[in-house]
Amino acid sequence: MKKENGNDMPFKAEDVNWDELAAIGILKDELEMAGELDTLLKGEKTGVIPLSLVLLGVDVVMDATLQLVRKGEAPLLEIQGVTPSSR
C-alpha cells in the first residue's frame with residue numbers, strides 16, 4: 001500500500017486517467033469539491049453521487065457510487081448504479 005500525505009492511499013491521483021473519465025463526464029474537480037476524491041484514492045466506495053455520463057453516444061443520468069480497484073498496474077473506476085427508493 002502506498003502512502004500519500006501521510007495517509008494510507010493505495011491509489012495516487014496522478015495514476016488515474018482523468019482525461020478518459022472527463023470524456024464520459026466524471027471530473028476530478030467535482031469529486032474533490034464533493035469531498036469524495038480522498039475516499040476514491042483510499043480504494044473505498046464513495047457516497048451516492050449524481051452522474052450525467054455520455055456512454056457510446058448515449059446520455060445516461062443516474063445516481064451511483066464510485067470505487068477505484070486495481071486492474072494490473074492501472075486503477076480502474078467501478079461505477080455502481082443505485083436503485084432509487086420508492087417514495
Side-chain angles (χ1 to χ4, degrees):
M1 193 171 282
K2 298 176 184 174
K3 291 196 174 202
E4 184 175 293
N5 298 330
N7 296 326
D8 288 334
M9 296 278 195
F11 300 99
K12 289 184 175 182
E14 59 267 20
D15 293 339
V16 177
N17 188 337
W18 295 110
D19 291 335
E20 187 176 276
L21 294 179
I24 63 167
I26 297 174
L27 305 176
K28 179 183 176 187
D29 292 345
E30 289 180 2
L31 290 170
E32 197 166 23
M33 286 190 307
E36 297 290 1
L37 184 59
D38 283 346
T39 303
L40 267 182
L41 297 178
K42 290 177 186 174
E44 299 172 1
K45 276 188 184 178
T46 65
V48 176
I49 298 174
L51 296 176
S52 180
L53 309 174
V54 180
L55 304 172
L56 301 173
V58 177
D59 290 332
V60 178
V61 178
M62 64 190 284
D63 290 336
T65 60
L66 307 176
Q67 183 175 16
L68 284 174
V69 296
R70 186 73 57 195
K71 183 177 182 183
E73 289 297 311
L76 175 70
L77 183 69
E78 288 187 346
I79 302 171
Q80 195 143 69
V82 176
T83 305
S85 58
S86 55
R87 296 179 188 222

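Residue numbers run from 1 in the order of the sequence given.
- Between Pro75 and Phe11, the shortest heavy-atom contact is CB-CD2, 3.5 Å.
- Across every non-hydrogen atom of Pro10 and Leu41, the tightest pair is CD-O, 3.2 Å.
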Assess whether side-chain contact (heavy atoms from CB on, under 4.5 Å) is satisfied between Leu31 and Leu66, documenting all intermediate values.
CA-CA 10 Å; Leu31 290 170; Leu66 307 176; 3.8 Å; yes

Take Met9 and Asp38 through the test side-chain contact (heavy atoms from CB on, under 4.5 Å) and record every step on the way to the result.
CA-CA 8 Å; Met9 296 278 195; Asp38 283 346; 3.8 Å; yes

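- Contact of the Met62 side chain with the Ile79 side chain is registered, since non-hydrogen atoms from C-beta on lie closer than 4.5 Å.
- Here the CD-CG distance, from Glu78 to Leu40, works out to 11.0 Å after rounding to the nearest 0.5 Å.
- Contact record, Thr39 with Lys45: CG2-O, 3.2 Å, taken as the closest heavy-atom pair.
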Stepwise side-chain contact (heavy atoms from CB on, under 4.5 Å) test for Val60 and Leu51
CA-CA 8 Å; Val60 178; Leu51 296 176; over 6 Å; no

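- Looking at Trp18, its side chain never comes within 3.5 Å of a backbone N or O of Asp29 through a donor-acceptor pair.
- When the side chains of ILVMFWY residues are joined at heavy-atom separations under 4.5 Å, either directly or via intervening members, Leu53 and Val58 end up in a single hydrophobic cluster.
- Within a 6.0 Å radius of CD in Glu44, more than 12 heavy atoms belonging to other residues, nucleotides or ligands are found.
- If you take CG on Leu76 and NZ on Lys71, they are separated by 6.0 Å, rounding to the nearest 0.5 Å.
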In sequence, state the C-alpha distance, the side-chain angles, and the governing distance for Ile49 and Thr65, and then conclude on side-chain contact (heavy atoms from CB on, under 4.5 Å).
CA-CA 6 Å; Ile49 298 174; Thr65 60; over 6 Å; no

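- Residue Glu73 comes nearest to Arg70 through the heavy atom pair O-NH1, 2.9 Å, listed as atom of the first residue, atom of the second, then distance.
- Checking side-chain atoms of Gln67 against main-chain N and O of Leu77 turns up no donor-acceptor pair under 3.5 Å.
- Taking each heavy atom of Pro50 and Asp63 in turn, the nearest pair found is CA-OD1, 3.4 Å.
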